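All figures in this text were calculated on a predicted structure; none of them were measured in a lab. Because only heavy atoms are used, hydrogens play no part in the values below, and waters and symmetry mates are left out as well, while side chains stay in.
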Amino acid sequence: MAKRIVYFDMDGVLCKFKKKYDEELKRNHSIKYPQATYGFFTSLEPHHIMIGLYKALEKNSNFEVHILTAPSIHNPLCYTEKRVWVEKHLGMDAVQRMVITQHKNLLKGDYLIDDHSTGRGQDKFEGKLLLVDEDNMNETVNNIINTIKDEVVDIL
Ligand SMILES: [Mg+2]
């Protein structure tokens, strides 16, 4: 059987985007785009349960995992910061499997794990979109595992 290709989004999936975003807004009410601040993306905390899922699938020979993230185009350093973050939390193997694009629909694959269903081509992705609720990560990861289990035998 061909390996299943799985893409992981970063903001709101592997990284705690919302937490940092809200903290920055609280600190400075007049800031319009907290994510446009240099250093914003490197400082995001990881969602450990999602990192765990990434690593479990990475080790499983039925899957090929990649990172698929859209850039914050108003923060040119975000491209570098995302790369730095991935090396720190997932290692160089993940860096080699990292795609930064605003057009997620252009990538070939079976699953896209993302916290948004539209906006960056998610709705036109050829595989199945597995939607993430950042406020309910345990439930989200369980649902993802169940969905993948239903469709792929002998995993996890
Ligand atoms: Mg996201």
Side-chain angles (χ1 to χ4, degrees), residues 4-27 31-37 39-58 60 63-75 77-91 94-95 97-152 155-156:
R4 301 296 170 123
I5 297 174
V6 184
Y7 294 102
F8 282 76
D9 175 32
M10 287 183 72
D11 303 324
V13 176
L14 291 166
C15 321
K16 292 186 181 177
F17 182 89
K18 208 163 110 184
K19 183 172 184 245
K20 179 77 179 169
Y21 186 92
D22 291 344
E23 280 170 10
E24 290 300 306
L25 274 186
K26 223 181 205 177
R27 231 163 38 91
I31 195 167
K32 209 172 168 193
Y33 301 107
Q35 71 274 36
T37 313
F40 179 91
F41 287 97
T42 42
S43 67
L44 297 182
E45 291 173 27
H47 276 295
H48 290 293
I49 189 166
M50 201 53 89
I51 298 271
L53 179 65
Y54 182 99
K55 288 184 173 170
L57 295 182
E58 189 180 37
N60 190 306
F63 295 95
E64 189 182 309
V65 287
H66 296 264
I67 290 168
L68 183 50
T69 181
S72 171
I73 58 167
H74 298 292
N75 174 359
L77 282 188
C78 108
Y79 297 77
T80 301
E81 291 187 17
K82 282 173 177 277
R83 152 69 178 77
V84 169
W85 193 98
V86 168
E87 182 182 0
K88 182 178 173 193
H89 295 282
L90 290 164
V95 169
R97 297 175 171 279
M98 184 180 178
V99 181
I100 303 177
T101 178
Q102 298 251 34
H103 309 281
K104 297 184 178 184
N105 53 302
L106 295 178
L107 279 294
K108 294 206 155 292
D110 298 288
Y111 300 103
L112 170 60
I113 300 173
D114 205 295
D115 64 327
H116 289 287
S117 55
T118 57
R120 297 290 180 266
Q122 295 96 328
D123 53 330
K124 297 189 194 96
F125 177 70
E126 65 172 20
K128 188 169 199 160
L129 176 64
L130 302 172
L131 210 53
V132 169
D133 175 2
E134 202 183 353
D135 295 324
N136 291 297
M137 284 308 240
N138 289 350
E139 199 187 328
T140 292
V141 168
N142 283 336
N143 289 342
I144 290 172
I145 290 170
N146 286 333
T147 303
I148 293 177
K149 258 186 183 162
D150 284 349
E151 296 186 25
V152 188
I155 60 146
L156 299 171

Notebook entry, point to check: Sub-3.5 Å donor-acceptor pair from the side chain of D110 to the main-chain atoms of G127, do we have one?
Noted result: no
Margin query: For a ring-ring contact (aromatic ring centres under 6.0 Å, His included) check, start with the C-alpha distance between F17 and F40, then their side-chain angles and the critical distance, and finish with the verdict.
Written below: CA-CA 9 Å; F17 182 89; F40 179 91; 5.4 Å; yes
Note to self: How long is the straight-line distance from CD1 of I31 back to OG1 of T37, given to the nearest 0.5 Å?
What the structure shows: 3.5 Å
Notebook entry, point to check: Just by modelled atom types, is the D123 backbone N or O under 3.5 Å from a matching donor or acceptor in the T118 side chain?
Noted result: no
Notebook entry, point to check: To the nearest 0.5 Å, what is the distance between CD1 (I100) and OG (S72)?
Noted result: 11.5 Å
Next item on the list: Measure the shortest side-chain to side-chain distance between S43 and K20 over non-hydrogen atoms and say whether it is less than 4.5 angstrom.
Entry: yes
Margin query: Are Y33 and N75 packed together at the side-chain level, in the sense that at least one heavy-atom pair is separated by less than 4.5 angstrom?
Written below: no
Checklist line | Exercise: identify the closest heavy-atom pair between M98 and R83 | finding: CE-N, 3.6 Å
Margin query: Closer than 3.5 angstrom, by distance alone: can the side chain of E81 be matched with the main-chain N or O of G39 as a donor-acceptor pair?
Written below: yes
Item checked: For D11, the option from K82, Q35, K18, K16 that meets side chain to side chain contact (heavy atoms under 4.5 Å, CB included) -> K82
Check: Any side-chain heavy atom of L90 sitting closer than 4.5 Å to one from I67?
Finding: yes
Next item on the list: Please tell me if the side chains of K124 and L106 come closer than 4.5 Å, counting only heavy atoms from C-beta onward.
Entry: no
Next item on the list: First locate atom OH of Y21, then atom CG of L44, and finally report the distance between them rounded to the nearest 0.5 Å.
Entry: 13.0 Å
Next item on the list: Specify the closest pair of heavy atoms between I51 and W85, including all atoms of both residues, with the distance to one decimal.
Entry: CD1-CH2, 3.9 Å
Margin query: One pair to check against salt bridge (charged side-chain N to carboxylate O under 4.0 Å, His left out): R27 and E23. What are the steps and the verdict?
Written below: CA-CA 6 Å; R27 231 163 38 91; E23 280 170 10; over 6 Å; no
Checklist line | Closest approach of P34 to E24 (non-hydrogen atoms, all atoms of both residues) | finding: CB-CB, 3.7 Å
Notebook entry, point to check: Under the side chain to side chain contact (heavy atoms under 4.5 Å, CB included) criterion, do I5 and H66 qualify, and how do the steps go?
Noted result: CA-CA 8 Å; I5 297 174; H66 296 264; 3.9 Å; yes
Checklist line | Other residues, nucleotides, ligands: >12 heavy atoms within 6.0 Å of Y79 OH | finding: yes
Next item on the list: Measure the CD-OH distance between E64 and Y7 for me, rounded to the nearest 0.5 Å.
Entry: 7.5 Å
Note to self: Rounded at 0.5 Å granularity, tell me how far CG in N143 sits from CG in N136.
What the structure shows: 9.5 Å
Checklist line | Rounded distance (nearest 0.5 Å) linking atom CD1 of I113 with atom CE of M50 | finding: 6.0 Å
Checklist line | Closest non-hydrogen atom pair, L130 against I144 | finding: CD1-CG2, 3.8 Å
Next item on the list: Determine whether V86 and M10 make a side-chain contact, defined as any pair of heavy atoms from C-beta on separated by less than 4.5 Å.
Entry: yes
Check: Can you check whether L14 reaches T69 side chain to side chain, under 4.5 Å on heavy atoms?
Finding: no
Next item on the list: In plain terms, say whether D9 and K104 are close enough for a salt bridge, that is, a side-chain N and a carboxylate O under 4.0 Å apart.
Entry: yes
Notebook entry, point to check: Is a salt bridge present between K108 and E126, judged by a nitrogen-to-oxygen distance below 4.0 Å?
Noted result: yes
Note to self: I need the minimum non-hydrogen distance between G121 and N105, along with the two atoms involved.
What the structure shows: O-CB, 3.4 Å
Next item on the list: Can you sort out the partners of E134 under salt bridge (charged side-chain N to carboxylate O under 4.0 Å, His left out), two or more places apart, ordered by chain and number?
Entry: none
Notebook entry, point to check: Hey, does K128 have a side-chain heavy atom less than 4.5 Å from the side chain of T147?
Noted result: yes
Next item on the list: Indicate yes or no: at least one non-hydrogen side-chain atom of F125 is less than 4.5 angstrom from one of D114.
Entry: no
